> 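One structure is given below, represented as structure tokens, and several questions about it will come after.
What you are looking at is a predicted structure, and each value in this text was computed from that prediction instead of being measured.
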Amino acid sequence: MRQQYAVRSLILVACLALVAVAVIVQMIRIQSSEQAQIFLSQGDRYAGEFHMFYPERGEIYDRHGHLLAGNRTVYEVGVSLSEMEDPEAMANILSTYLGLTFEDVYDKLMNSPESWEYIVVQDYVGAETVTSLQTLMQELDKTDDQRLSGLGFKPHFQRSYPETALASNVLGFVTRDGRGYFGIEEKYNDLLAGNPVQVWVPRDPNKALEIPRVPNGTTLVLTLNRDLQASVESILDDALFEYGAENGTIIVMNPRNGEILAMAATPRMNLNDYGNYFSLYDNGSQYNRSIGMAYEPGSVLKVLTMAAALDSGTVRPDTSFIDTGSIQVGGITIQNWNQDAWGQQNMVGCLQHSLNVCLAWISSQMGSQTFYGYMERFGLGHPTGIDLSGEAMGRLKVPGDTDWYPVDLGTNAFGQGVSVTPLQMMMAVSAIANEGRMVTPHVLYSMVRDGHQYNVPSQYAGSPISAETARTLSDMLAISLEQESSQALLAGYRLAGKTGTAQIPTDFGYDAFHTNVSFIGWGPVDDPQFMVYIWMQKPSASIWSSETTAPVFAQVAEQTVIQLNIPPDIVRSQLSTK
């Protein structure tokens, strides 16, 4: 009997062993089959999914670390339609909190395409509103109230400008599609925006550490001085009101290295509300008149003519000229601004009294080849290369152009028939303040990315004149201001500068009733640390630069020496001897 049970047991064991072997063989066959490989690949696919990550846009700071452009978290408010239980209550609550009409929200909730599982009720909702809605949802959950069932929030970044309109003409703005327009935001859009990265995101929360970090956009530090920028903008606004000018611009630059310390222009806009753009500007050239609009500069260009004449040996500071009140150039009579004859003058007097006749005589003495050769070297008719978008070219007619006439040699010498942007003029004159070396203006001070800072080196655009010529002309312009008792003078500081009153060209000649007024100046003369350019369009209180932009220059110079902590000349002299 026992032997019979033993045989049965062995048969059962053998059967079970065969079944086990069959199972193992089948498992191996299944795992190594083509279908198994397809299943495994599908399993990997559903273990996670690809997501496109957009980096946080780089921030923008002034030279002292004040935030000018950053990012704030806003929310997309949406509803999962399959989870929504009370659309009427949902519409009523959301319309109240989001400032929408009940009808619009209800229509979105009820009339969306059947294939949609989720709808966006409103995007770019502020954090305070979302917090209030989240608090309400928590209170409703406590009582099992389902009126907001299905409501969700998706955070993302929006460009933010904490100083609203400050330096708006320099910064530009970013639209909701993430693209920068004008100024720094457009010029360095790719750097600021960074590079979107497609990343595999596992569904397993334990593998969250495997998600790679997406680097933010590059942070930019500008050469602007925020406090000086604010002061200059205020001075410009007050000046436009006081003198009844339509628009204007003021630029403050370091003539040694081309750093733009302040650049104010009108009109300005609240960058957080860029939708107002079309109500403020007719075209893009008006966004930053410092670089976008070319005009005839008038007498400020006389400093370039005099620089060319001194450098070429055509005249010396003590060269005598008898002003008879008119001169013939190319068969056309040229007169002074007041049509008077000023008699015997030296070159300082020609600058001091801003004599058109004298400067036309100087350019005639140089000849067109020498005169226009120097103007080309000063960069007239060429962009400055500043790192801002929207720079205009300006125009310098030269012999050989179809619209150039011999009289242009005389009129161009005092800034008529030549078009420049304020920054082009400033760059050209920087050669006089900087011992013959012309600087390239720039607003980017440094870039910061991944914890590393790269400082932008200064660049120079050539040496159109010698250092000796530059020093001589700076002294002549300082003497000119002092002898004139100009309103541009600042007590305690020796400054150099020149006014410019320019008639405005029309289709029928020149406007007899309106002018553009300008002033270019720098200081201290013995060690120039700042240069200022002022331009105002069509002032009504006075058509003369000496009565409008000259006093404005004094105000800007005063604020600049305060903000830059530049001691008066006598104090600097005493410090240098210790």
> Please examine the side chains of M375 and V398, heavy atoms only from C-beta on, and report whether any two atoms are closer than 4.5 Å.
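Side chain of V398 against side chain of M375, heavy atoms only: no contact under 4.5 Å found.
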
> Using modelled atom types and a 3.5 Å cut-off, is there a donor and acceptor pairing between side-chain atoms of N169 and backbone atoms of Y287?
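Yes, because the side chain of N169 sits within donor-acceptor range (under 3.5 Å) of the backbone of Y287.
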
> Atom OG in S168, atom CG in L280: separation rounded to 0.5 Å?
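S168 atom OG to L280 atom CG measures 9.0 Å (nearest 0.5 Å).
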
> Going by atom types alone, do E233 and Q229 pair a side-chain donor with an acceptor below 3.5 Å?
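Looking only at side-chain atoms, Q229 and E233 do form a donor-acceptor pair, the distance falling under 3.5 Å.
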
> Can L222 and D62 be said to form a side chain to side chain contact (heavy atoms under 4.5 Å, CB included), step by step?
CA-CA 5 Å; L222 305 187; D62 88 324; 5.6 Å; no

> Report yes if the side chains of M366 and T305 come closer than 4.5 Å at any heavy-atom pair, otherwise no.
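Yes - at least one pair of side-chain heavy atoms lies under 4.5 Å apart.
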
> According to the ring pair (Phe, Tyr, Trp, His ring centres under 6.0 Å) rule, which pairs have a member within residues 249-271, sequence neighbours left out?
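Ring pair (Phe, Tyr, Trp, His ring centres under 6.0 Å) check on residues 249-271 returns no pairs.
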
> Give the C-alpha distance, both sets of side-chain angles, the deciding distance and a yes or no for side chain to side chain contact (heavy atoms under 4.5 Å, CB included) between F553 and L490.
CA-CA 9 Å; F553 170 77; L490 178 63; over 6 Å; no

> Looking at every heavy atom in both P406 and G330, which two are closest together, and how far apart are they?
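Heavy atoms only, the tightest pair is CB-CA, 3.8 Å.
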
> Does the side chain of Q328 pick up a donor-acceptor pair with the side chain of T333 at under 3.5 Å?
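Distance-only check passes for Q328 and T333.
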
> Mind checking whether F182 and F173 have parallel, tilted or perpendicular rings, split at 30° and 60°?
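Answer is tilted, since the angle falls between 30° and 60°.
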
> Grab the two heavy atoms, one from T314 and one from I362, that are nearest each other, plus how far apart they are.
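Reported closest heavy-atom pair: CG2-O, 4.3 Å.
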
> Indicate whether the side chain of Q345 and that of S320 have a donor and an acceptor atom separated by less than 3.5 Å.
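Side-chain D/A pair, Q345 to S320: absent.
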
> Please walk me through it: do K397 and D403 pass side chain to side chain contact (heavy atoms under 4.5 Å, CB included)?
CA-CA 7 Å; K397 295 184 294 183; D403 56 347; 3.5 Å; yes

> Is the shortest heavy-atom distance from the side chain of V439 to the side chain of M427 under 4.5 Å?
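No, side chains not in contact.
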
> Quick check for you: to the nearest 0.5 Å, what is the distance between L67 atom CG and E59 atom CD?
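The CG atom of L67 sits 5.5 Å away from the CD atom of E59.
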
> I want to know whether Y61 and Y445 have ring centres closer than 6.0 Å.
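Between Y61 and Y445, the centre distance exceeds or equals 6.0 Å.
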
> Between R471 and D526 (salt bridge meaning N to carboxylate O under 4.0 Å), is one present in this structure?
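Judged by the 4.0 Å cut-off on N to carboxylate O distance, R471 and D526 do not form a salt bridge.
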
> Please name the pair of heavy atoms, one in S545 and one in S518, separated by the smallest distance, quoted to 0.1 Å.
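The pair with the smallest heavy-atom distance is OG-O, 2.5 Å.
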
> Is the shortest side-chain heavy-atom distance between T266 and L240 below 4.5 Å?
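In short, these two side chains touch, coming nearer than 4.5 Å.
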
> Does a salt bridge link E185 with R159, judged by any charged N lying under 4.0 Å from a carboxylate O?
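Yes, this pair counts.
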
> Would you say that Y161 contacts N270 through its side chain, given a criterion of any heavy-atom pair below 4.5 Å between the two side chains?
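Sidechains of N270 and Y161: no contact.
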
> Around E246, counting heavy atoms of other residues, nucleotides and ligands shown, do more than 12 lie under 6.0 Å from its CD?
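Count over threshold, so yes.
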
> Are V443 and I386 packed together at the side-chain level, in the sense that at least one heavy-atom pair is separated by less than 4.5 angstrom?
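Yes, their side chains come closer than 4.5 Å.
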
> Does any donor atom in the side chain of E547 or S542 lie under 3.5 Å from an acceptor atom in the other side chain?
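There is such a pair (donor and acceptor under 3.5 Å, judged by atom type) between the side chains of E547 and S542.
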
> Assess whether side chain to side chain donor-acceptor pair (under 3.5 Å) is satisfied between Y533 and Q424, documenting all intermediate values.
CA-CA 10 Å; Y533 195 91; Q424 279 179 314; over 6 Å; no

> Checking side chain to side chain donor-acceptor pair (under 3.5 Å) for the pair S354/K498: CA distance, chi angles, key distance, verdict?
CA-CA 9 Å; S354 198; K498 181 72 183 75; 3.0 Å; yes

> Can we call the ring centroids of F530 and W522 under 6.0 Å apart?
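No, ring centres 6.0 Å or more apart.
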
> Under a plain distance cut-off of 3.5 Å, with no hydrogens placed, do D227 and N225 share a side-chain donor-acceptor pair?
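Result is no, nothing qualifies.
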
> Please step through side chain to side chain donor-acceptor pair (under 3.5 Å) for the pair D511 and T506, ending with a clear verdict.
CA-CA 6 Å; D511 188 337; T506 68; over 6 Å; no

> Would you please say whether a donor-acceptor pair under 3.5 Å links the side chains of Q563 and N565?
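No donor-acceptor contact under 3.5 Å links the two side chains.
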
> To the nearest 0.5 angstrom, please state how far the CD1 atom of I291 sits from the CE atom of M426.
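One finds 13.5 Å between CD1 of I291 and CE of M426.
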
> When you compare the side chains of K302 and S299, does any donor N or O come within less than 3.5 Å of an acceptor on the partner?
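The criterion, which ignores hydrogens and geometry beyond distance, is satisfied for S299 and K302.
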
> Go through it in stages, so that I can follow the logic: the residues are L396 and Y372, the test is side chain to side chain contact (heavy atoms under 4.5 Å, CB included), and I'd like the CA-CA distance, side-chain angles, deciding distance and then a yes or no.
CA-CA 9 Å; L396 174 68; Y372 288 107; 4.1 Å; yes

> Within the 4.5 Å heavy-atom criterion, are T472 and M476 side-chain neighbours or not?
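Yes; the side chains approach each other to less than 4.5 Å.
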
> Please round to the nearest 0.5 Å and tell me the distance separating atom NE2 of H442 and atom CD of E259.
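Answer for the NE2-CD pair, H442 versus E259, is 4.5 Å.
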
> Which heavy atom of A360 sits nearest a heavy atom of S363, and at what distance?
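Minimum heavy-atom separation between A360 and S363: O-OG, 3.0 Å.
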
> Please determine whether a side-chain nitrogen of the Lys or Arg among R494 and D475 lies less than 4.0 Å from a carboxylate oxygen of the Asp or Glu.
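Looking at D475 together with R494, the answer is yes, because their closest N to O distance falls below 4.0 Å.
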
> Would you tell me whether S546 and T499 have side-chain atoms, one donor and one acceptor, within less than 3.5 Å of each other?
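Side-chain D/A pair, S546 to T499: absent.
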
> Enter the distance from Q487:CD to L481:CG here, rounded to the nearest 0.5 Å.
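Spacing of CD (Q487) from CG (L481) equals 11.5 Å.
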
> In terms of the angle between their ring planes, are W535 and Y295 parallel, tilted or perpendicular, with boundaries placed at 30° and 60°?
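W535 and Y295: parallel rings.
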
> Quick one: do D387 and K187 make a salt bridge, cutoff under 4.0 Å?
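Result for this pair is no, no salt bridge flagged.
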
> Which heavy atom in A431 sits nearest to a heavy atom in F378, and how many Å separate them?
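Taking every non-hydrogen atom into account, CB-CE2, 4.1 Å.
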
> About how many Å separate OG of S231 and CD of E558, when rounded to the nearest 0.5 Å?
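Interatomic distance, E558 CD to S231 OG, rounded to 0.5 Å: 10.5 Å.
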
> With no hydrogens and no angle check, do the side chains of Q369 and Y374 hold a donor and an acceptor under 3.5 Å apart?
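Per modelled atom types, Q369 and Y374 side chains form no pair under 3.5 Å.
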
> Side chains of T218 and R449: any donor to acceptor distance under 3.5 Å?
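Per modelled atom types, R449 and T218 side chains form a pair under 3.5 Å.
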
> Between L304, V418, I251, I520, which is the residue that forms a side chain to side chain contact (heavy atoms under 4.5 Å, CB included) with M425?
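Going through L304, V418, I251, I520 one by one, the side chain to side chain contact (heavy atoms under 4.5 Å, CB included) with M425 is satisfied by L304 alone.
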
> Do V315 and W361 touch side chain to side chain, with heavy atoms closer than 4.5 Å?
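Side chain of V315 against side chain of W361, heavy atoms only: contact under 4.5 Å found.
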
> For the residue pair D323 and N336, confirm or rule out a side-chain donor-acceptor distance under 3.5 Å.
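Present: a donor and an acceptor within the cut-off.
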
> Using distance alone, with no hydrogens and no angle criterion, decide if T469 and D311 have a side-chain donor and acceptor under 3.5 Å apart.
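Looking only at side-chain atoms, D311 and T469 do form a donor-acceptor pair, the distance falling under 3.5 Å.
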
> Check V348 against Q483 and note the closest heavy-atom contact, atom names and distance.
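For V348 versus Q483, the nearest heavy atoms are CG1-OE1, 4.2 Å.
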
> Ignoring hydrogens and angles, state whether a donor on the side chain of H382 or E376 is under 3.5 Å from an acceptor on the partner side chain.
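On atom types as modelled, these side chains qualify, holding a pair under 3.5 Å.
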
